Amino acid sequence: MEKKSQKSIITVVGKDTVGIIARVCTYLADTGINVNDITQTILQGYFNMMMIVDMTGSTKPFDEVQSDLTELGKKIGVDIKCQREEIFDRMHRI
């Protein structure tokens, strides 16, 4: 039986430094989370990234991934948020 996709939205915001994308993507790969789509931009020295990920293959539960990403953000000096797709959609409805 095939597992249903478990999409989440990850946002990363902060001062631009070398290695932000690498650190976040390494964590995701090591945890079995697939990146479906990614966009990033740098505006006047500030880094902004949004990712749509599939957590179906994750080796950790959502809450632990969310906590790990928050801690990773603190270590590298950015703010990382991870939200389930359905929550993100409800929050951003017009």
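Only heavy atoms go into these numbers, but all of them, side chains included; no hydrogens, no water, no symmetry mates. Being a predicted model, the structure only gives us computed values, none of them experimental.
- Listed here is the closest heavy atom pair of Cys82 and Leu69: CB-CD1, 4.0 Å.
- In this structure, CD1 in Ile80 is found 10.0 Å from CD in Glu71, a value given to the nearest 0.5 Å.
- Crowding of Phe62 atom CZ: a count of heavy atoms from other residues, nucleotides or ligands under 6.0 Å exceeding 12.
- If you take CG on Leu43 and CG on Asp16, they are separated by 10.5 Å, rounding to the nearest 0.5 Å.
- A 4.5 Å side-chain heavy-atom check between Gln66 and Asp63 finds at least one atom pair inside the cut-off.
- Residues Ile33 and Ile10 are not in side-chain contact: their nearest non-hydrogen atoms beyond the backbone lie 4.5 Å or more apart.
- Here the CG-SG distance, from Asp30 to Cys25, works out to 11.0 Å after rounding to the nearest 0.5 Å.
- Interatomic distance, OG1 of Thr11 versus CD of Gln83, reported as 6.5 Å (0.5 Å rounding).
- The hydrophobic cluster containing Met50 does not contain Tyr46, counting ILVMFWY residues as joined when their side-chain heavy atoms lie under 4.5 angstrom apart, directly or transitively.
- One hydrophobic cluster, built from ILVMFWY side chains closer than 4.5 Å, cannot hold both Val24 and Val13; they sit in different ones.
- The distance from the NZ atom of Lys7 to the CG atom of Asn34 is 11.0 Å, given to the nearest 0.5 Å.
- Looking at heavy atoms from C-beta onward, Gln40 lies out of side-chain contact with Ile20 at the 4.5 angstrom threshold.
- Every side-chain hydrogen bond (donor to acceptor under 3.5 Å, both in side chains) that Tyr27 has, sequence neighbours left out, goes to Asp68.
- Contact detail for Val35 and Met51: the closest heavy-atom pair is CG2-CE, 3.6 Å.
- Pairing each heavy atom of Val65 with each of Ser58, the nearest pair is CG2-OG, 3.8 Å.
- Residues that satisfy the salt bridge (Lys or Arg N to Asp or Glu O under 4.0 Å) test with Asp79, not counting sequence neighbours, are Lys81.
- A distance of 8.0 Å separates OG1 in Thr39 from CG in Asn48, rounded to the nearest 0.5 Å.
- Under the side-chain hydrogen bond (donor to acceptor under 3.5 Å, both in side chains) criterion, Lys15 pairs with no residue at all, not counting sequence neighbours.
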